[in-house]
Every structure is written in structure tokens, then in C-alpha cells.
Amino acid sequence: MDSSTIIEACNSRKRNRNPFIFETFAIGDSIDGFSGPFRDNIRMFLQEFATIEDYTLCGFPIWSTWLISNSTGSVFPLYTIEETTQLSLHPFCDHCKLSGWGHHYVSKRRYHLLIPANENWEKPLGSDSFEIGTHVLHGLIHCNGYGHLLSINGVNEDSNLLSGSDFMDLWDRLCTIFKTRKISLNDVSKKGGVHLRLLHGVAYGRSWFGKWGYRFCRGSYGATEKKYEIAVQFLSSLGLDKILNDFRKDFTERRKIKQIIGTYRELSEVPLITISELLQFMLAFKSKAPFHSKMKLANGDDYWCDPDIEEKNRPISMETFVNMMANSDCRWPARRLEFVVIVIVNFLKENQANVGRNCRMTRQDLRNEARKFIGDTGLIDFVLKSIRCFALGSQIVRRSINPTTKLLEFTIHEFAKEEESIRFPFLDMDSDCRWTERKVKQAAEFIVKILRAHNGDGAMSRQELRDKARTTICDTGLIDYVLKSINKSIMGNKTIFRSKNPSTKRIEFAFEDIVDANRVENIELHMNIDQDLVYLYETVLLSYPGSDSVSLATGVVLDSKRFVKEWKLEDQEHQIMALTCKVLPSFDELESELTRPLSPGVVVFVPPWITIGELKGVTQFALRDTYCIMQNFVVTQIGGLRGIEDERMLSCAVGRDAHVWVRGCGLDLDTELRYEGGPIKLKVDCICGARDDDGERMVNCDACQVWFHTMCTGIDDHEDEVIPEIFLCDSCRNF
């Protein structure tokens, strides 16, 4: 079916903008009937799920598919533009060339799938829509099934709408149902000055796009897949203790790095040994809202818990715990969460009274008891999964793993028997203090002891607290320093607040309960995760002291920008065979005209009982429909050097998912639209090892006509730097 037939079919239907559900569109069986190759599936999609627009883009037809998000209520268009290559001002594809696909024959059509920026959702597409990079989503797929993801963005952050991951999920679903073959992308995404391919590469061993199955495709400056894997593995395995030791000569940077490492090690339930584990935890921590006093790297019910770490867990109030759950990705209101918490606490108290002081209840036993009063098992499981350590009145509820049975267990005991740890954030932040950390901490603990003894009588003035401290601490300068710095220190589920009394105008100190989740985050952390990530990125990954290995590995990861995902060819049902039919030109054509690697074949889906003669007809139609050079191609033979008889049944001649050689005549060798990479193939032989155009800035030797990277030849790589009028490479200069 050609595009004119699709347009007629769309025009015959009543214009309809009823939106499809964004979250479920193109999932599983939500779109049926796409059982052919990409070139057929995209046509069916336009006919069944899109509406033709009453205007064109550069003369090419536009279809729109409207989507609505259940989570946000947003309604927005997914546009599909069918660009006919022979009518295009830019018939060749630079994206193919830079992805290593410049040898592909030029496809007759390419389809742009595009969701514009949210401020343009109700506006017609502009004439520059193919070029601008601000679209929420822009993908281009050639009719042979190979394509490119050109841009992916979340909508404006202040609009509280959908994220880049949401649209990436949609793109991946569309590529799957369309049966695309390969999709490439150029990962130059940055956030806050941080290249995400390096940050995620070190943290997870893959780029951000690796979550959707994208793997290394091509690197710049001679970077290969093997070099990339070695570099990522090397950087990921850098030990945190080794990093601190290597920064020992720079006291300021080492102290800051030590502070960052110490902060997140304190917050993590699992040991953080390498920079990969640290970055994983920080990125996971950053994605959690609101604040959790302890986290692990992966989600799940079975949380690893070391007994020593468990003893350091500070209980938060029940109000804080309920608020934290209600403000997270939770579908239950706070009152229902609070009811479940109270039911659980009552069962623990009852069990303690019946069994004894050191009683424990397994997760399953507690779940079974709670089900007697609460019918929603999902709600029960959510609360049990969220419990770490919280206080209700004078009692503390804890969750831990039994070291013998490995089962999750819950306990309750009196708060008075809990040893409260005290945290002084200022000890990690002040690098110019003239007293030792041990001395400052001893003084601070003594002052807290005085304040705690006075707590029942309300706030304590600075002067009174100072006078009592002087009875034991002789250094008044040290006392003044602690009183100035102790604000917002944490003890158990209380915090120390330093404030000015509005009546007496005096500075006072008092303990206050922490009851607000957001306040906990501000008090407890005293940090900015984004700033910490940027600091580690710039200081450790980009400016590692005295190690060329780290610098070289970082350079390889940054030079690896091209990633690709491949969808395996599979039979759609038992009665259908999926075959890849690839043209094998004649010896003379290969010797004189088609000197580049052979282009990919076309995919056909056929029943196994057809004959080889019938397969020839199906393949000929597919080849003519796909490539410009095969407009008049005639298939004369199925099989390589020795053909297969036309009368043979297909299933008796080839296997499923087979690659079938096709021979014939009629290739249009006079057409300019031969290769996607264009008629001219640059000869690249750079000293870095690059042998193909990788998209980086290059210069041509005027003598041998070989291309080199400007950076590799000593020319400033900045775009404003003028390239010499005459350039000779080292070989020609020394000839």
C-alpha cells in the first residue's frame, strides 16, 4: 500500500481526535495485527491509529495520533511524517553514515515520529521541525527498519508533567510493535554540566539509554567496544578508600570527598566500597522522595541488614514515617496508612505481652494477623516494606533480618532502653577548625548532656548553657565555637534548635521533635545531592591526581557516544516464517560499482508452504518497495551460487529466521541515490586509529587527501579556530 492509498483511506474515515491512553499505548495486545515487517506495520499504524492532517511539512503528509496521560491528564499529539527520499532536499542520511550504516542503500521512504515541546502541542508543526532538537521525542526510521533516535526530552520541569523516561518507554514500545531492526542514537545528554554517559557508565556499567537495551555502537577518536568495556570496568572498580588515599596531597579536596563518602555511607544499609556503588546509591537516593533515613541500592522486600548498622538506625517519629509513605509513590491516603501502622504496633505489643520482652514476629505472621482487620493485602505489604525504625510514644518498632532463618522480623521495645546516637553535622563541614575533631565532639556531647538535663524546663539561654559548660570545659573559645555550630544537630528523633527569643532577645537552645518529613530532609542531610554528584564528577572523574589511567579511561567513555539497539527477527506465529532476503550482486557489479559492504536485505514474513517461485515474487516486491536502487530489480534466483528450484516448498529448502541470498538483474546503477552515506566516502586514517568519519571535526591533507581529526593533528578543536589553508599530514610533510 503506497502513501496515496493510505491518505485516501484516512480521508475516508471521520476525523477523530479521541486520544489513546499514553501509559498503555503500544503495550502487548493493545495494538493488534502488526505481523509484518516495518514497512507494512507503519502503514497499518497510519491507517488504523492516525488521522491525516490538513497541511503538510515541506510537502510531505502528516498524520497525528493523540495521546492522554492518566497520571497527569495531559493530552498531546504524536505526529508521523512520511518523507519521500526522492523528493527530499536532503536525500542522504548523515545519521546512518555516523552509525556505520553509510553502505546501506538509500531507502525510498523515512518516517519521522515526533512529539513537539509541550508549548507547541496545539500548534501546527513548523517548517523547521526536522532540524530543531527541542522536541520531546523525535525519531527517524527508514522503511528498511533501520532508524535513529534524534532527541528525547522530558517536558518542562516546572509543569509537573511527564519525564524523559516516560517518553523513552513509549519510543521503545513503538519500535517493538513496528518491528524495527536497529535504532542508533548519539548520546550527548548533559545535566548540570555532567555528561550522563560518563556518570551512568561509571555507576551502572552502561549509558542511561542502556536501561532500554542500547549498547555500544561506535566511538570517536578510535574508541572501540573493547576499549569502552575496559574503561567502564576500570572506572567502576575504583575503590573509595583508594580515592581518598590518592587525594592525600590536596587537603581541601580530600576533606570534601571524605565528607561526601562518609555522609552516604552513613545513610546506606549496605557497605559502599567502590565509586560505582557510591554513585548508584546517590542516584537512587536522589530519585526517592521524601527522605528515607536508610536505603539500599535495589528495591525489594528483603533488605540486607548488618547488626552493627541496625544499632545505628535512628528512630523517626510515627508521624514522620506516615508522612514519608503518604508523600511517596503511594496510592493510599495518610489516614489509612496510619491505621495500618497502629494495627501492626498493637499486634507487636500483644505478642510482647504474651511471649516476653525479646519477642519477634516474622513478616508472614504479622501479615496474617493484620489481614484479620485489613482486607487490602497490598496496603499491608506496602507498610511492612516501608518500616525501618520508628518511634511511637515511648516505644520503638524495628525491622531486621534473622541471621539464622534469614526471615524478616519485627520487634518493639521501650525507647528508654535505646541508646541514642548524636550527630553533629558541623564536624563534617568546617575544615578550618583549630581544635581536633575529638576535642570538639567531647565538648559538644557534654553541652548536649547539660541541655538534655534541662529539657523538662523548656529552652535554655546561651549564657546559662555557657556558664554550666565552663564548670567542666576550661576553654571558653571551644565552648563558644560549639554553641555557635551545634544548631540542627540530631539526637534520636529530636533536633537541637538555636533561636532568638522574641521577648528577651536572647539566644536560646532547645530540643524539638522532628515531625515533618521535609524538615527531616533539610535538617538531617545538610547536603545537595546534585552538587555532590557534580563535585565527584569534576574532581574524581575529570581531574584525578597523578593517574593517566583514570584520565585515559574517562576519555574513552566520553568518546563513546553512539549506541544501538537491535530487535531480533522472530516468527510471529507457528504458521509464518520470517526471512531476511539479501541481494548478491554480480561479480562485475561488486568489482566496479558496488564497492562498499553489502546493504542489509529486506525482511519478509511468509507461510512455510509457499514455493520458492512464490518467494521470488514476494521478495521482488519487497526490494522494489524498499530501496531506490532496486526500483526495477527483477529477482531471477533464490540462493547464492547455486539456486533453489522454483517448485520446491519453502519449508523444505530453508529454515526459520534464515538469511536468504537473492540474485537478479535491473539494479539502477545510474541513480545518485545509491548509498545513505552519500556518493563520496571519505578516506580516514587518523593517528588515533579512526578509519571512518565519526562526526568529529576533521581536516583533509592537501597532498594525500586523507582525513584526520583536528585535535589529533594539533589544531585547536574549537569551531572558531581557523583551519590552515594548506594542511599536510606528518607522512606527507616528511616525505
Side-chain angles (χ1 to χ4, degrees), residues 23-24 70-71 269-270 284 287-307 309-311 313-415 417-418 493 515 517 520:
E23 286 81 3
T24 59
N70 274 341
S71 60
E269 285 187 352
V270 300
S287 67
K288 301 292 182 181
F291 164 76
H292 295 265
S293 62
K294 294 283 181 180
M295 294 175 56
K296 65 170 289 186
L297 300 183
N299 294 327
D301 288 343
D302 299 326
Y303 286 80
W304 183 92
C305 185
D306 184 284
I309 295 178
E310 181 182 341
E311 288 301 317
N313 283 354
R314 289 183 295 274
I316 58 176
S317 67
M318 190 191 79
E319 293 87 349
T320 299
F321 174 52
V322 172
N323 286 338
M324 287 165 55
M325 289 191 293
N327 292 330
S328 65
D329 296 331
C330 168
R331 66 177 186 268
W332 296 280
R335 57 183 178 78
R336 292 196 66 192
L337 296 169
E338 184 177 7
F339 174 73
V340 176
V341 171
I342 292 174
V343 168
I344 290 172
V345 170
N346 287 338
F347 278 124
L348 289 172
K349 288 181 179 179
E350 181 179 337
N351 189 58
Q352 183 185 49
N354 294 334
V355 179
R357 175 175 171 272
N358 294 321
C359 68
R360 296 172 179 267
M361 287 190 73
T362 66
R363 176 187 179 278
Q364 189 60 46
D365 290 342
L366 194 54
R367 185 178 188 266
N368 292 339
E369 292 295 330
R371 287 186 64 186
K372 296 177 182 178
F373 293 87
I374 304 164
D376 191 340
T377 54
L379 173 58
I380 298 172
D381 291 340
F382 177 76
V383 174
L384 290 175
K385 181 180 73 171
S386 303
I387 292 176
R388 296 292 184 280
C389 179
F390 71 88
L392 178 60
S394 62
Q395 293 181 308
I396 291 178
V397 175
R398 281 193 185 281
R399 188 185 75 173
S400 61
I401 292 180
N402 188 305
T404 304
T405 64
K406 307 301 182 184
L407 296 176
L408 282 173
E409 295 181 339
F410 295 81
T411 59
I412 187 169
H413 52 276
E414 291 295 322
F415 183 79
K417 300 185 182 297
E418 185 75 14
N493 64 335
V515 296
V520 171

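Just so you know, residue 1 is the first one in the sequence shown, and it goes up from there.
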Fill in: Validation row: R360, S400 side chains within 4.5 angstrom (heavy atoms)
yes

Discussion item. Would you compute the distance between atom CD1 of I380 and atom CG of L366 and round it to the nearest 0.5 angstrom?
Written reply: 9.0 Å

Practice prompt. Please lay out, stage by stage, how L392 and V397 fare under the test side-chain contact (heavy atoms from CB on, under 4.5 Å).
Written response: CA-CA 8 Å; L392 178 60; V397 175; 5.8 Å; no

Worksheet item: Atom CD in E338, atom CD in E319: separation rounded to 0.5 Å?
Response: 7.5 Å

Discussion item. Would you compute the distance between atom CG of L408 and atom NZ of K385 and round it to the nearest 0.5 angstrom?
Written reply: 12.0 Å

Worksheet item: Is a side-chain N or O of R363 found less than 3.5 angstrom from the main chain of D381, in a donor-acceptor match?
Response: no

Worksheet item: Has the side chain of E23 got a donor or acceptor atom that lies under 3.5 Å from a matching backbone atom of N70?
Response: yes

Worksheet item: Does N368 use its side chain to pair, donor to acceptor, with the backbone of Q364 at less than 3.5 Å?
Response: yes

Discussion item. If we count only N and O atoms by modelled type, under 3.5 Å, do the side chains of N346 and E350 hold a donor and an acceptor together?
Written reply: no

Item to complete: State, to 0.1 Å, how close R336 and W332 come at their nearest heavy-atom pair, and which atoms those are.
Response: NH1-CD1, 3.6 Å

Practice prompt. Of all the heavy-atom pairs spanning M325 and L337, show the shortest one and how long it is.
Written response: CB-CD1, 3.8 Å

Worksheet item: For the ring pair F410 and F347, is the centre-to-centre distance below 6.0 Å?
Response: no

Response to the item:
Nearest heavy-atom approach of R399 to I387 is NE-O, 3.4 Å

Discussion item. If we ignore hydrogens and angles and just use 3.5 Å, is the side chain of R371 paired with the main-chain N or O of T377 as donor and acceptor?
Written reply: no

Practice prompt. Quick one: pull up CZ in F390 and CD in Q395 and give me the separation to the nearest 0.5 Å.
Written response: 10.0 Å

Discussion item. I'd like to check E369 versus D365 (side-chain heavy atoms, cut-off strictly below 4.5 Å). Are they in contact?
Written reply: no

Practice prompt. For residues I396 and C389, report the shortest heavy-atom separation together with the two atoms involved.
Written response: CG2-SG, 3.8 Å

